[in-house]
Amino acid sequence: MDININSTTLSLIKGDITQQDTEAIVNAANSRLAGGGGVDGAIHRAGGPSIMEECIRIGGCPTGSAVITTGGNLKARYVIHAVGPIYKGGKGRERELLESAYRKSLEIAIEKGIKSISFPSISTGAYGYPTKEASEIALGTVIDFIKGNKGLDIVRFVLFSEGDLKVYEGSLNKIKKV
Ligand code: AR6
């Protein structure tokens, strides 16, 4: 599913983030930048050890923020490591921190002159954020950003399952109607 907002195409696909040919891909990292399972494990496996060397040099990243490294052996030139919140029932600052992880990633992309970027569904795996709620936050934040900032040609969400893709499509349809 694709929609155009100003000069940016926002698309939702089912796929593997490590295979994307956008200039940057976003990692769902942890604040120690220590690697792990899920998207993080897949990116480090596919991209090779140079990405971890850069992460160690950077040292860490607070929750709700993001840092950039090169993409090692990936097709993508850069990896933006974003740290989403661990879901604790939704009564804390989870929403704010999830919004901030997406926004910070986009700000870094603009600063670097990156034209195309792929996101995974941050925080909805090991970190337990309910996918429907997280998809509304992710899409809402990205759409607000695109409306206010020129420079990105493609923003792609790469969902790992058909079920997650359907949830994101439902949320995008809902947002489009408002
Ligand atoms: N491509 C796209 N999406 C994927 C892929 C892939 N190759 N692999 C998994 N997903 P998660 P989080 C989906 O757990 O919740 C790590 O250990 C997955 O199905 O990767 O932010 C880190 O080191 C889910 O929908 O990230 C952190 O400690 C989504 O990506 C912690 O997990 C996010 O799942 C971060 O947890």
Side-chain angles (χ1 to χ4, degrees), residues 1 10-49 51-69 71-76 78-90 92-106 108 116-139 141-142 154-172:
M1 176 177 182
L10 171 63
S11 65
L12 309 181
I13 65 161
K14 176 174 170 273
D16 179 348
I17 194 106
T18 65
Q19 300 307 310
Q20 303 307 308
D21 58 3
T22 45
E23 254 182 284
I25 63 170
V26 176
N27 184 15
N30 54 64
S31 56
R32 291 178 299 127
L33 302 178
V39 177
D40 203 355
I43 287 177
H44 284 288
R45 269 193 308 279
I51 301 176
M52 184 50 79
E53 282 161 23
E54 288 181 66
C55 285
I56 290 168
R57 232 173 290 138
I58 295 166
C61 173
T63 304
S65 193
V67 297
I68 190 165
T69 67
N73 304 327
L74 295 166
K75 288 180 201 161
Y78 297 105
V79 177
I80 296 173
H81 304 262
V83 184
I86 298 172
Y87 189 73
K88 293 175 184 153
R93 295 173 59 218
E94 290 104 310
R95 164 181 282 272
E96 186 193 319
L97 291 167
L98 189 60
E99 282 175 3
S100 164
Y102 279 100
R103 209 169 32 244
K104 197 78 198 138
S105 300
L106 292 162
I108 290 174
S116 57
I117 183 167
S118 297
F119 281 100
S121 178
I122 299 171
S123 284
T124 64
Y127 282 180
Y129 217 117
T131 305
K132 183 166 178 289
E133 211 179 316
S135 68
E136 289 171 6
I137 296 167
L139 290 165
T141 305
V142 166
I154 298 172
V155 179
R156 183 183 293 162
F157 278 88
V158 182
L159 291 321
F160 208 42
S161 68
E162 196 60 43
D164 283 355
L165 176 62
K166 290 273 171 294
V167 172
Y168 269 73
E169 285 176 346
S171 297
L172 186 53

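As the structure lists them, so they are numbered: ligands from 1, and atoms in each ligand from 1. From a predicted model like this one, the values you see are computed outputs, not experimental measurements.
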| request: Using a 4.0 Å heavy-atom cut-off, say whether D164 meets ligand 1 through its side chain, its backbone, both or neither. | output: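 Looking at D164 and ligand 1, just side chain atoms fall under 4.0 Å.
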
Considering the heavy atoms of [X], write down every atom of ligand 1 situated less than 4.0 Å from one of them.
X	answer
D16	1 (N), 6 (C), 7 (N)
G36	17 (O), 23 (O)
G35	23 (O)
N30	22 (C), 23 (O), 27 (C), 28 (O)
A28	21 (O), 22 (C), 26 (O), 35 (C)
T124	15 (O), 24 (C), 25 (O), 29 (C)

| said: Once you measure the plane-to-plane angle for F157 and Y102, does it fall in the parallel (<30°), tilted (30-60°) or perpendicular (>60°) bin? | reply: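 Rings of F157 and Y102: tilted, as their planes differ by 30° to 60°.
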
For [atom], what is the closest protein heavy atom, and at what distance to 0.1 Å?
atom	value
atom 9 (C) of ligand 1	F160 CD2, 3.6 Å
atom 22 (C) of ligand 1	D40 OD2, 3.4 Å
atom 21 (O) of ligand 1	S123 N, 2.8 Å

| Where L10 and L172 come nearest, the two heavy atoms and their spacing |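 Smallest heavy-atom distance, with atoms named: CD2-CD1, 4.1 Å.
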
| note | Heavy atoms of S121 and L159 approach each other most closely as CB-CD1, 3.9 Å

Heteroatom distance test ([X], ligand 1): nitrogen or oxygen, under 3.5 angstrom:
X	answer
V39	yes
A29	no
I17	yes
T18	no

If only atom types and distance count, is the side chain of [X] paired as donor or acceptor with the main-chain N or O of [Y] below 3.5 Å?
X	Y	result
E94	K88	yes
T22	I25	no
N30	G35	yes
K75	Q19	yes
S100	S65	no

| task | Starting at CD of E136, measure out to OH of Y168 and round the result to the nearest 0.5 Å. | result | 10.5 Å

[options]: member with heavy atom nearest to [atom]:
atom	options	result
atom 33 (C) of ligand 1	G37, P85, S121, A126	S121
atom 31 (C) of ligand 1	F119, Y87, Y127	Y127
atom 11 (P) of ligand 1	S161, P120, G125	G125

| said: Using side-chain heavy atoms (C-beta onward) and a distance below 4.5 Å, is L12 in contact with L139? | reply: yes

| Side-chain contact, heavy-atom cut-off 4.5 Å: P85 with Y129? | yes

| G84 heavy atom under 4.0 Å from ligand 1 |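 For ligand 1, residue contact (heavy atoms, under 4.0 Å) with G84 is absent.
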
